[in-house]
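Structure, as structure tokens:
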Amino acid sequence: MIKNELWYLLIDGQQDAESGIVGNFYAYGNHLGDALDKTIKASNDYKFTNHNLTEASLLDNFDVIENNKELVKIADNVYMRPTTYTFPFDDPDKEFIPPIGIVKSVFEGEYEYDLIKENFVAYGADDNGIFEFELVLTKQNLIDTFIKTIEFLPTIDGFWIYLKNYWESDLTELWVAKHFTDMHMVIDFLKSQKKNTLENGYLDIVVHSLTGETNLTLDDHKKIQLHTKDEGVFNDFIGNIIELGYEQARDFYNLEFGYHHFHYRLVDSLTRTEFKQMLTDNKFELVDKWEE
């Protein structure tokens with residue numbers, strides 16, 4: 001394998017029914033998702049299950065591996081520090097686990113990481129009459145909750161996907177599925193393409209309702225957002241979110257602002273070129289592209 005990238009990975013997992021475990025790993029890969037996959041497979045032999053990537057760093061000095069006697073090689077192109085750390089698995093104060101597709105960097109940000117919590121903010125109408133909502137969720141809850149929020153919309157009148165310019169250093173592209181005008185069509189597509197859409201850190205996924213010019217978005221930072229001009233839609237949506245058990249925050253923190261972070265896709269997900277072909281096969285249309 002071509003050793004084109006070296007990643008540091010902080011991974012937590014489950015050692016047994018009562019204990020969580022944290023370990024420091026280094027792995028070569030074609031991209032972060034590739035390095036993560038190699039590490040997960042190798043760490044299974046070291047009592048790691050239910051893996052969560054909680055921190056990462058792209059290293060530009062391979063000497064970190066080649067001349068480091070503190071590391072143990074556990075598989076081809078995968079190394080770990082032999083010391084691991086355990087914690088009570090049901091610890092209510094354990095750190096926020098980011099959804100698949102985004103992870104914080106080892107570099108200190110503007111804010112402490114433990115400020116990120118599962119909660120939402122809601123803003124009254126701006127000068128354009130748009131109400132705004134944002135919800136941050138952990139890896140465990142994000143996908144199921146986003147699917148539920150699609151059902152909260154009054155109608156489904158559009159579905160589109162933005163491919164971000166930093167995915168393989170290309171243009172930002174907008175792809176639209178004009179024929180996706182049914183809630184079940186949208187949900188079935190997202191579920192069938194979960195690794196390529198909901199778990200892809202390089203996309204904005206937008207479900208549109210004509211009522212109030214409403215857009216429900218799962219953005220590239222894995223936040224659920226709602227923008228609408230209809231106050232009734234806005235209030236009903238928030239009421240449904242509260243019924244799911246989420247609370248409104250006064251101080252709202254997320255990986256997009258104030259934290260160094262990486263976006264990534266899973267190893268067995270589609271490349272950008274393959275993803276665009278998949279969209280074409282599903283009758284999406286490329287309607288615009290631009291530099292950012």
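Throughout, residue positions are numbered sequentially from 1 according to the sequence presented.
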| said: Tell me whether the rings of Y162 and W290 are parallel (<30°), tilted (30 to 60°) or perpendicular (>60°). | reply: perpendicular
| request: Give me the ring orientation class for Y166 and H263: parallel if the planes are under 30° apart, tilted from 30 to 60°, perpendicular past 60°. | output: tilted
| query | For Y113, which fellow cluster members are found when Ile, Leu, Val, Met, Phe, Trp and Tyr are connected by side-chain heavy-atom distances below 4.5 angstrom, either directly or through intermediates? | reply | F96, I102, Y111, L115, I116, V121, Y123, V136, F252, Y253, L255, Y259
| Other ILVMFWY residues reachable from L171 by side-chain steps of under 4.5 Å | none
Among all residues two or more places apart in sequence or in another chain, which pass the salt bridge (charged side-chain N to carboxylate O under 4.0 Å, His left out) test with [X]?
{"X": "E18", "answer": "none"}
{"X": "K47", "answer": "none"}
{"X": "E173", "answer": "R272, K276"}

| request: If a pair satisfies side-chain hydrogen bond (donor to acceptor under 3.5 Å, both in side chains) and one of its residues is in residues 147-160, list it, with sequence neighbours excluded. | output: T155-D157, T155-S209
| query | Does any pair with a residue in residues 216-242 pass salt bridge (charged side-chain N to carboxylate O under 4.0 Å, His left out), and if so which ones, sequence neighbours excluded? | reply | E134-K223, E213-K229, D219-K223, K223-E256
| remark: Here the salt bridge (charged side-chain N to carboxylate O under 4.0 Å, His left out) pairs for residues 177-192, sequence neighbours left out, are K178-E285
| message | I'd like to know whether the aromatic ring centres of F25 and F48 sit less than 6.0 Å apart in this structure. | response | yes
| message | For F234 together with F133, are the ring centres under 6.0 Å from each other? | response | no
| query | Is there a donor-acceptor pair under 3.5 Å between the side chain of H179 and the backbone N or O of N282? | reply | yes
| field | Whether D37 side chain and G33 backbone form a donor-acceptor pair below 3.5 Å | value | no
Results of side-chain hydrogen bond (donor to acceptor under 3.5 Å, both in side chains) for [X] - residues two or more places apart only:
{"X": "N254", "result": "none"}
{"X": "D16", "result": "S19"}
{"X": "K195", "result": "D268"}
{"X": "Q277", "result": "D281"}

Check whether the side chains of [X] and [Y] place a donor and an acceptor atom closer than 3.5 Å, and report yes or no.
{"X": "T172", "Y": "E292", "answer": "yes"}
{"X": "E118", "Y": "N141", "answer": "yes"}
{"X": "S43", "Y": "H51", "answer": "yes"}
{"X": "N24", "Y": "Y8", "answer": "yes"}

| field | Least distance between heavy atoms, Y46 atom then I21 atom | value | O-CD1, 4.2 Å
